[in-house]
Amino acid sequence: MKYDFAEIERKWQKRWETEGVFKREEDPNKEKYYMLEMFPYPSGNLHMGHVRNYSIGDVIARFKTMQGYNVIHPMGWDSFGLPAENAAIERGIHPDKWTRSNIDTMREQLKGLGFSYDWSREIATSSPEYYKWTQWLFLQFYKKGMAYKKKSSVNWCPSCETVLANEQVVNGGCERCSTEVTKKELEQWFFRITEYAQRLLDDIDKLEDWPEKVKIMQKNWIGRSEGAMVSFQIQGFDEKIEVFTTRPDTIYGVSSMVLAPEHPLVPKLVEGTEYEEPVKEFRKRMEHLSEISRTSTEAEKEGLFIGRYVINPMNGKEVPLFIANYVLMDYGTGAVMGVPAHDQRDFEFATKYNLPIIPVIKPRDESIDMDNLDQAFEADGVMINSGPFNGLDSKQGITKVIEYMEAKGIGEGKVNFRLRDWLISRQRYWGAPIPILYCDKCGMVPVPEEDLPVLLPTDVKFTGKGNSPLSTSESFVHTTCPKCGGSAKREVDTMDTFVCSSFYFLRFTDPNNHDHPFNMDKTKYWMPVDQYVGGVEHAILHLLYARFFTKVLYDMGLSPVEEPFSRLLTQGMVLKDGAKMSKSKGNTVSPEEIIAKYGADTARLFILFGAPPERDLEWSDQGVEGSFRFLNRIWRLVTESYQEVMNNDLGAEDTLSGQDKELRYVLHNTIKRVTTDIGERFNFNTAISAIMELVNATYDYLEKNRDGNLNRGILKEAITNMMIMLAPFSPHIASELWELVGMEGSVHDQKWPKWDPEALIKDEIEIVVQVNGKLRGRLTISAEATREEMEEIALGHEKIKESIAGKNIVKVIAVPKKLVNIVVK
RNA sequence: GCGGAUGUGGCGGAACUGGCAGACGCGUACGGUUGAGGGCCGUAUGAUAAUUGCAUCGUGUGGGUUCGAGUCCCACCAUCCGCACCA
């Protein structure tokens, strides 16, 4: 009988669907397991990265199910986003139509791979039923003051024609299209993620089963630093300049104050002076430079004295005021106090502009000539030239100086974060409209909850140019104020798609709820996600936003957990010829093509066998053939021996021959290896190789017992367990074989096997004998042999006698069940 | 510059607690089956070669600890990834 994968896969997929095999409900008597993979953007076609991501998830889901857990394994679509809009611009297809047809295609592709999704929980973020809740949550954020609008300098992608959050600017370019990002002064909506900075940071330590790499990236992104906020009075003005410093202990060494060129006070300070023109020019020049070229470490420090002075509040000293390229308006207060003796950047700046370099910290061992520094001394030491603080250890100095400043009212201790508030407005059409109105009388008014969803209008022109596309729809923009009934205009920006994906894992627990985003009883049962799988590219973006949302919802009493994902697995990329598969490089392999040629089971098997999940996987056509060969081999093994398999129960234990015992040993060792490799180590590649070894051993057993002496019970035990263990990886063929040999029920309903420790006990084992650490012989001895017995046998062995003849035995090391090492001189 | 990861045959990768390096798969060679090809089955496959011997060398490089190191320690090299004037 031939292995007709196409027929088999069609048959089982259909059966799984009609029987609703993967539908799950809450069951208080069963322990739940929430298996989730990052849902895809419906670009139109599944790629190998998806196949890998979802194959990993499916193995875990099926494995956990067989282990008796009530497994929820949902799938949906992150279906808002720019490509749909571009399709509308380029081809005149409405984004909704384009998106829906892509979803239909990809859903079929996912089904064609035989993944065990509960399709009754399917959601699409672009459906009004879903984005109603995106908008509803926005309103809750708004009520709590977690959503606010402000005018500020924001990142603008000229190609996507929209603003971007800080997290979406990668190397100075747009996260989507890599176009260099510019700055724009705009009024935009933000989520107050900075309010949660400390908690987001603290709770990283609770995420024990997240990759260290991702945790470090998040910590760095949040960027907490401790220091002080100090006010410097501007001479001749009422205003003060606030400055953040992590080194208040060096404040007596300040010899300049440097502002970001775009600092709001600057124009006022130079107005009507000889500095006005040069400053204007300087600011203009900086504006045109990209963030990246302006702030790269290589760029030379460039500044301009603006003719004003500030007063160091600690010693009353006059300090010149500059603007300079390396000071960013984004971080701290957009001002830096220059302490050249103890900060390398300030040192370079001071050297260039001939500013005094005043040492205020000296090393404890006085190894450096502090009066002739050739670079900044940034380490700790003892305070000098610091008035009352002289002689103090600089670490203590930090606390003391802060105490002093607080007492005098000139400054205070302060924790600063690098994290900025999350900019969520987008000047695009294909996103959830922000549910806000602007009334001539009442001002800004949130849309009442009962009026949700604010539907996307269909009469919009897609030009790809100009303002938010929603502003082109008259029927959308003009509305009435719910407060006063007067005329009002709608907000025309939509929300960042990352908002939609920040709570989808909660919605999956209750996807069809029309009255609430999700029911607490359901979220309590299913949350948190036990295992999340996705690419590292979301290490900061999606994973930080989702954590933030979950915390806000927790505080609102809408989420039962503070952290959404207990364990995270970031899978590696799929490479071809050493590079990431991409259309532009022309090195793609389409999943459909592979499925057509070898079937889904082979595709899944190969992608899991090729490398451990977190590592990159090099695609290999020959490797795929190897996986296909293996499935054929197992197919033949079962179909050719199944009559024997079926005709008997397990043979009596006492009649086991050496061969029988050996096969049973291999079987139970395989069960042990596969169970721990899937369940604990996520090393699917080694789990699969263990199954391959079992198949090889079974063939070997059949070959050696051609004469009919085989133990049918043991053969049956080996083959049935083999099918069960194959089931999470290649579910169709496992199901078909299970049915073919006439086993009861479905292979997927079988309990995951337990290994029998008895079967793993060997009477005799092979040990190694070494002389001075070098292999000199092998011995088969009783597994129970003691150290002394092992030594004795080893020393009596012919080969060993030869090797040690005429030498003195210094020491003998015997490790039970492993080896004997004889040290001679 | 800082942080992280990775370096093992011709290739993808195993080796879990320091104990036979190279499991499993690919590729290759030879043999069998076949009219032939494919498929399948078997054997071999790290390098070295006047000594086919449980020989010597061998896990990026150099040192160290140990009876014993791919694994632990120190120094370095290479590649990849993330951050990058963060005050």
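Only a predicted model underlies this, so the values are computations on that prediction, with no experimental measurement involved. In what follows, chains carry the letters A, B, and so on, assigned in the order in which the sequence lines appear, proteins first and then strands, with residues in each chain numbered from 1.
Side-chain atoms of A/Glu766 lie closest to B/C20 of the nucleotides B/C83, B/C20, B/A23. Set against B/C67, B/C16, B/C86, the side chain of A/Arg681 has B/C16 as its closest nucleotide. The side chain of A/Met692 approaches B/C24 more closely than any other nucleotide in the set B/C24, B/C20, B/A15. Nearest to the side-chain atoms of A/Val823 among the listed nucleotides B/C67, B/C85, B/G4 stands B/C67.
Nucleotide B/A21: unpaired (no Watson-Crick or G-U wobble partner with both distances less than 3.5 Å).
A heavy atom lying under 4.0 Å from RNA chain B marks the following residues of residues 607-616 of chain A, by number: A/Phe609, A/Gly610, A/Pro612, A/Arg615, A/Asp616.
One cannot find a donor-acceptor pair under 3.5 Å joining the base of B/A87 and the side-chain atoms of A/Arg247. Taking only distance into account, the side chain of A/Lys301 meets the base of B/C85 through a donor-acceptor pair shorter than 3.5 Å.
Taking atom P in both B/G1 and B/C76, the straight-line distance is 12 Å, to the nearest Å.
In this structure, A/Asn696 reaches the B/G25 phosphate: one of its side-chain N or O atoms is under 4.0 Å from OP1 or OP2. Look at A/Arg633 and you'll find a side-chain N or O under 4.0 angstrom from OP1 or OP2 of B/C41. Considering only side-chain N and O atoms, A/Asn685 lies under 4.0 angstrom from the phosphate OP1 or OP2 of B/A14.
Both tests hold for A/Lys301 against A/Tyr326: distance to the six-membered ring centre under 6.0 Å, angle to the ring axis within 45°. Geometrically, A/Arg633 engages A/Tyr699 in a cation-pi contact, judged by NZ or CZ lying under 6.0 Å from the ring centre and within 45° of the ring axis.
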Side-chain donor-acceptor pairs under 3.5 Å in residues 208-216 of chain A, sequence neighbours left out?
{"unit_1": "A/Trp210", "atom_1": "NE1", "unit_2": "A/Phe565", "atom_2": "O", "d": "2.8"}
{"unit_1": "A/Lys215", "atom_1": "NZ", "unit_2": "A/Leu207", "atom_2": "O", "d": "2.8"}

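Looking at every heavy atom in both residues, A/Ile193 comes nearest to A/Arg420 through CG2-O, 3.3 Å.
B/G9 shows a glycosidic angle within 90° of 0 and is accordingly assigned syn.
The shortest distance between side-chain heavy atoms of A/Ile594 and A/Phe606 does not fall below 4.5 Å.
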